[in-house]
Structures are given as structure tokens and as C-alpha cells.
Amino acid sequence: MEAFQLLSGGVQFNKNKFKKDVELFNGKSQTQHEHKPAEFPASLDFFKYADGKRKPAVAKLDGSERPEKKRKVEEEQDLEIPQQRHRVTTKGSNIPDSAESFEALRDRYHLSSQIMSNLSKNDYHHPTAIQSYGIPILLESRDLAAISPTGTGKTISYILPTLASLRAPATSADSDSGLGVRAIILVPTRELAHQIHNECLKLAQGRKWKIILFSKATANTLSDKTVRDKVDIIVTTPLRLVSSLQSGSLSLSNVRHLIFDEADRMLDKEFLPQIEEIVAACTHPSLQKAVFSATLPANAEKIAMDMLQDPVRVVVGLKDTPLPLIAQTLTYVADDGSKLPSLLTYFSQPYNPPVLIFTSTQPRASSLAEELVLNGISNVDCLHAGMSKKEREDAVTRMRKGESWVMVSTEVMARGMDFKGIREVINYDFPTTVQSYIHRIGRTGRAGRSGKAVTFFTDDDGPYLKSIANVIMQSGQSVPEWITKLPKPSKMKRKQMGKTKRAEMVNAARKIGRSDALKKREMIAGSKRRKSKEDVTQGKKSDP
DNA sequence: AAAAAAC
């Protein structure tokens with residue numbers, strides 16, 4: 001797979017991880033853009049081995065290896081936007097030019113005055129990098145794979161061209177628009193669907209667009225043919241859509257735009273069968289597909305690229321790298337029992353609400369929230385998929401109103417959610433993938449704002465520590481030298497350690513669950529005795 | 001590798 005990545009070109013990769021491969025590979029290919037390495041303390045500069053090639057290389061195809069792709073072009077350029085400079089890499093055939101402003105887009109593609117005024121009404125004055133590049137590609141009816149960091153405006157970059165391409169709301173008399181839903185936006189969680197639906201409505205103001213947030217209730221209204229035929233866009237989770245397909249209440253034969261947000265999540269093994277069923281049901285001859293995410297691991301990218309037709313691939317920034325605006329810290333807590341005392345210590349000092357805390361399971365989220373309340377922390381909220389629809393909605397509402405100061409959640413909140421105020425993210429339980437890490441901490445530092453992310457790790461998290469440390473370094477921040485020197489554990493060892501960890505977590509979950517005051521006092525006393533918390537790094541903010 | 005999430 002690594003070899004595939006290198007050969008397929010344009011793939012950003014971690015120089016350290018692939019150091020040997022890089023040396024081999026550099027002999028045979030051209031590397032564009034030599035960047036001056038960032039200043040690192042000598043002791044931490046493990047990149048020195050790569051000697052001035054710290055920034056990931058962009059591989060250029062050398063024709064002879066992959067003749068069928070000879071005509072594909074690849075370019076790289078810097079784009080000025082107000083807050084930040086983002087490096088943008090594009091790959092594909094006949095790539096439409098990027099647009100520097102929404103006005104330029106309007107002039108080139110005859111965008112309606114309605115959309116233009118809705119943009120400025122909602123404070124979208126200047127396109128972000130992904131919007132500059134992605135919107136022209138989608139407006140020219142091309143398939144697109146877009147990779148852009150968290151909080152950089154991916155949602156608008158597919159909603160705007162989708163609305164613009166549909167031209168006018170569907171009417172049953174209009175033969176051009178056909179009958180039935182014309183665009184579908186697929187996302188992994190209900191909360192995200194809700195949020196994106198709201199964004200759609202913002203850009204759709206002033207015209208009678210029929211944009212549906214798909215749920216059991218709205219699915220039922222679609223059984224009425226006269227309603228169904230006038231639907232323009234459906235925002236939905238996969239299983240909801242599949243169950244409507246299977247009940248025969250919905251046809252996707254008129255769908256011309258199919259968007260996958262959080263694409264790598266949508267293409268992982270639990271969702272993939274449903275995705276395949278949905279794609280197969282979209283039988284319209286001019287179906288445009290597009291995938292968006294902040295992360296796209298090689299296996300997901302392969303699936304995505306096979307699904308797309310003559311796609312354009314756009315990468316903003318470095319693939320699988322968090323924004324440098326997020327100050328990242330790794331905090332050692334000896335074992336699971338020391339986490340709660342550490343967190344309470346954290347809250348005993350001044351902090352910036354609202355704070356979002358991630359746990360690994362639903363019971364751990366519930367019991368941690370309970371513990372925080374019992375310990376006198378104000379405005380604590382909890383949100384996971386084990387809660388009822390209404391409970392989940394209420395929790396999100398409180399969050400949006402700024403009533404929650406501390407939100408304890410699971411992976412359900414990790415992707416896509418845009419709570420503008422979030423200042424700090426705490427990974428109470430260590431994320432199980434780098435993708436999870438990147439999306440979780442990406443809940444802060446959005447739209448050019450800064451943010452803080454703290455990640456607790458225990459002795460058991462050792463096997464995964466190095467990969468997260470690599471991510472932190474790739475975003476330009478430092479981690480202690482000993483972590484960079486950790487050996488890459490063998491698969492067997494990871495497996496074994498994973499098992500131990502799980503057993504302990506089950507135990508710990510029971511412990512947290514027993515939330516009597518006595519137990520709690522014991523834990524706090526115990527932690528004081530053995531000095532539970534020790535900051536091992538200070539996240540270093542780097543200028544964008 | 002694994003939990004969570006999707007109805």
C-alpha cells in the first residue's frame with residue numbers, strides 16, 4: 001500500500017515514517033518545492049536526517065512507470081487568503097482554474113444574485129482555499145476528491161455548487177429537472193446532518209428550495225409522490241437512506257449530485273455496504289460524485305478514487321495534518337484511575353470554556369459527566385449515540401447557545417461538528433487512530449481561530465503514542481525526544497497490548513460507574529500520593 | 001486494532 005501511495009503520485013506522506021522509502025524513491029522522481037525546515041531545537045530535530053527535506057515531498061509521475069497517466073498534470077501553488085497561506089496540491093486531467101473571489105465565480109459561472117447575497121449575508125466574503133479550488137471543479141460537473149483541514153470551509157465548497165448546478169427549485173412541471181430528489185449529501189452522524197442542513201438553508205434563502213433533513217418523519221412525508229417529486233436536496237445518514245430504498249418509498253434515479261462528507265468514515269467497513277447500495281441506486285447518467293474529508297488514508301482513497309470518474313484531487317495543506325493553530329499537548333497520566341484526578345486538577349485551574357472532552361465509550365462518557373457534576377464542575381453536558389434523539393438534540397442546542405461549559409462525548413462528536421466557541425479539546429481517552437485524533441482536536445481552532453488540545457496518555461497507550469506524536473510534529477509542534485524514539489511496535493505486540501488495555505478499561509469503567517463519594521475521595525487522595533499528573537510537553541504555537 | 005455510529 002505504501003508503494004502504491006508513492007507511485008500514485010501527489011500523496012503527502014510522513015517523511016519520518018517512510019524515511020527509507022523516501023531515500024529510495026527520491027532517486028527516481030522529482031521533488032517539487034524544497035522548503036527551508038522550520039526551526040527545531042537541535043535535540044528534537046529528528047528531521048535533520050532528512051536534511052532540508054522536512055516538508056513532505058510531492059511525487060511527480062515519470063511517465064514510464066504509469067504510461068496511462070502520462071497526460072495528467074500536477075501543480076502546486078500558494079494561495080493568498082486573509083488569515084492563512086495554504087499550500088494547495090491538485091491532481092487530475094484538465095483541472096478547472098481556481099477562483100480568487102466569489103465575484104470571480106459569479107462572473108465565470110453566472111451565479112444567481114440570490115446566492116451571492118446569501119453568501120455575504122452569512123459573512124462569507126472571501127473563499128477559503130478549498131472553496132477557491134473545489135467550487136469551479138464541481139461547477140464544471142467534474143468528480144472531486146477534496147482533502148482540506150478541519151474548519152476550513154468544506155461544507156460551503158459543496159453546497160454552493162450543488163445549489164448553483166440545480167439552477168432552480170424543482171417543480172413537477174419542469175421536465176428538465178426530472179422527477180424525484182436531485183442531490184444527496186451523505187454524512188456519518190445525525191448531528192452533522194442537522195448542521196449541514198442548516199448551512200444549506202442559509203445559502204438557499206429567498207427561493208423555494210426543498211431541502212430535507214432526512215429522518216423517520218421526513219421519510220414518511222416522501223411517500224407522497226407529489227411531495228417527493230419536488231425535493232431538491234436530501235441531507236442524510238447512510239442507513240436512514242438505505243432503509244427508505246429498501247422499503248421502496250424512494251427512488252434515486254434522478255440524483256445528479258452525490259456528496260460524501262467525512263468520506264473516509266463513510267467508506268470504512270461498517271458503512272461501505274450501505275454506500276455501495278446507495279451508489280448503485282443512483283442511476284442517472286450524469287451523476288456527479290464528490291468526496292470530502294480532512295483525512296483520507298490510503299485504503300479509503302483507493303476506494304474513493306475507484307468510485308469517482310476522472311476525478312480531480314485537491315489537497316489543501318498537508319494531508320492528515322492538523323492545523324498549526326491548534327496548540328497540542330500530550331499529558332502523561334499513569335493509568336486509567338489517575339485520569340479523573342488529573343482532569344479535576346485541570347478544572348481547578350483557570351480554563352477556557354467551552355471545553356469538549358472525548359472518551360472511548362458511551363458508558364465512560366456518561367459516568368465521567370456524572371463525576372464532574374458531583375465534583376462541582378458547572379454546566380457539564382454529555383452527548384453520545386446511546387441517548388435519545390431528543391436528548392441529543394437538546395445537548396447540541398445547549399452547546400450552540402453557549403450554556404454548556406464542559407461537554408463530554410464520544411466519537412459521535414469527533415467529525416464535522418462546528419461549535420464556533422470551542423477553545424479546548426481534551427482527549428480523556430486516547431484516540432485509536434490518527435484520523436480520530438485529527439478530527440477530534442479539529443473541533444477547536446476553526447475558521448482561523450486558535451485552540452488548545454490536550455491528550456491524556458497512560459502506560460497502556462504506548463503502542464499508539466508514537467503515531468500521534470508524529471502527527472503533532474508534522475503540524476510543526478514539538479514532542480519530547482523519548483517519544484520520537486519509541487520503537488514501532490510489532491503487530492503482535494500491538495494486539496496484545498490492545499487486549500490488556502481493553503480489559504483494564506472495562507474494569508475502569510466499572511470503577512467510574514461506582515460514583516459514591518467515598519470511592520472518589522480515595523481516588524483523589526491516592527493520586528495526590530503518587531503525583532498523578534505530569535505535563536510532558538507544552539504545545540508550541542507556530543505562526544500560520 | 002477497535003469502539004462508535006448508522007435504523
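Order of the sequence lines fixes the chain letters, A, B, ..., with proteins taken first and strands second; residue numbering starts at 1 for each chain.
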Send over the distance from Arg392(A) CZ to dA4(B) P, rounded to a whole Å. 13 Å

Could you tell me whether the phosphate oxygens of dA6(B), OP1 or OP2, come under 4.0 Å of any side-chain nitrogen or oxygen in Ser243(A)? no

Interatomic distance where CG belongs to Asp264(A) and P belongs to dA6(B) [whole Å]: 16 Å

Whole-Å distance, Ile196(A) CD1 to dA6(B) C1', equals 15 Å

Indicate the ring-plane relationship of Phe457(A) and Phe430(A), choosing parallel, tilted or perpendicular according to the 30° and 60° boundaries. perpendicular

Indicate whether OP1 or OP2 belonging to dC7(B) is found under 4.0 Å from a side-chain N or O atom of Thr237(A). yes

Over-ring placement of Lys339(A) relative to Tyr428(A), 6.0 Å and 45° cut-offs: yes

Could you tell me how far apart Arg240(A) (CZ) and dC7(B) (C1') are, to the nearest whole angstrom? 7 Å

Would you indicate what Pro188(A) reaches in the nucleic acid, counting non-hydrogen atoms under 4.0 angstrom: base, sugar-phosphate, or nothing? sugar-phosphate

Separation of dA4(B) C1' from Asp429(A) CG (nearest whole Å): 13 Å

Whole Å only: how far is the CZ atom of Arg415(A) from the P atom of dA6(B)? 13 Å

Classify the side-chain pair Gln328(A)/Ser475(A) by whether it contains a donor and acceptor separated by less than 3.5 Å. yes

OP1 or OP2 of dA4(B) sitting under 4.0 Å from any side-chain N/O of Arg364(A)? no

Taking donor-acceptor contacts at under 3.5 Å, does the side chain of Arg190(A) reach the base of dA6(B)? no

Gln362(A) has a side chain; which of dA6(B), dA2(B), dA4(B) sits nearest to it? dA4(B)

What pairs with Phe292(A) under ring-ring contact (aromatic ring centres under 6.0 Å, His included), at least two apart in sequence or on another chain? Tyr158(A)

Side chains of Thr295(A) and Asp320(A): any donor to acceptor distance under 3.5 Å? no

For Phe347(A), enumerate each residue passing the ring-ring contact (aromatic ring centres under 6.0 Å, His included) test, keeping only those at least two apart in sequence or located in another chain. Tyr351(A)

Which residues, if any, of residues 266-279 of chain A bring a heavy atom under 4.0 Å of DNA chain B? Glu270(A), Phe271(A), Gln274(A)

Mind calculating the distance between OH (Tyr464(A)) and C1' (dA3(B)) to the nearest angstrom? 11 Å

Are any of the side-chain heavy atoms of Arg415(A) and Gln435(A) separated by less than 4.5 Å? yes

Rounding to an integer number of Å, can you tell me how far Asp261(A) CG sits from dA5(B) P? 18 Å

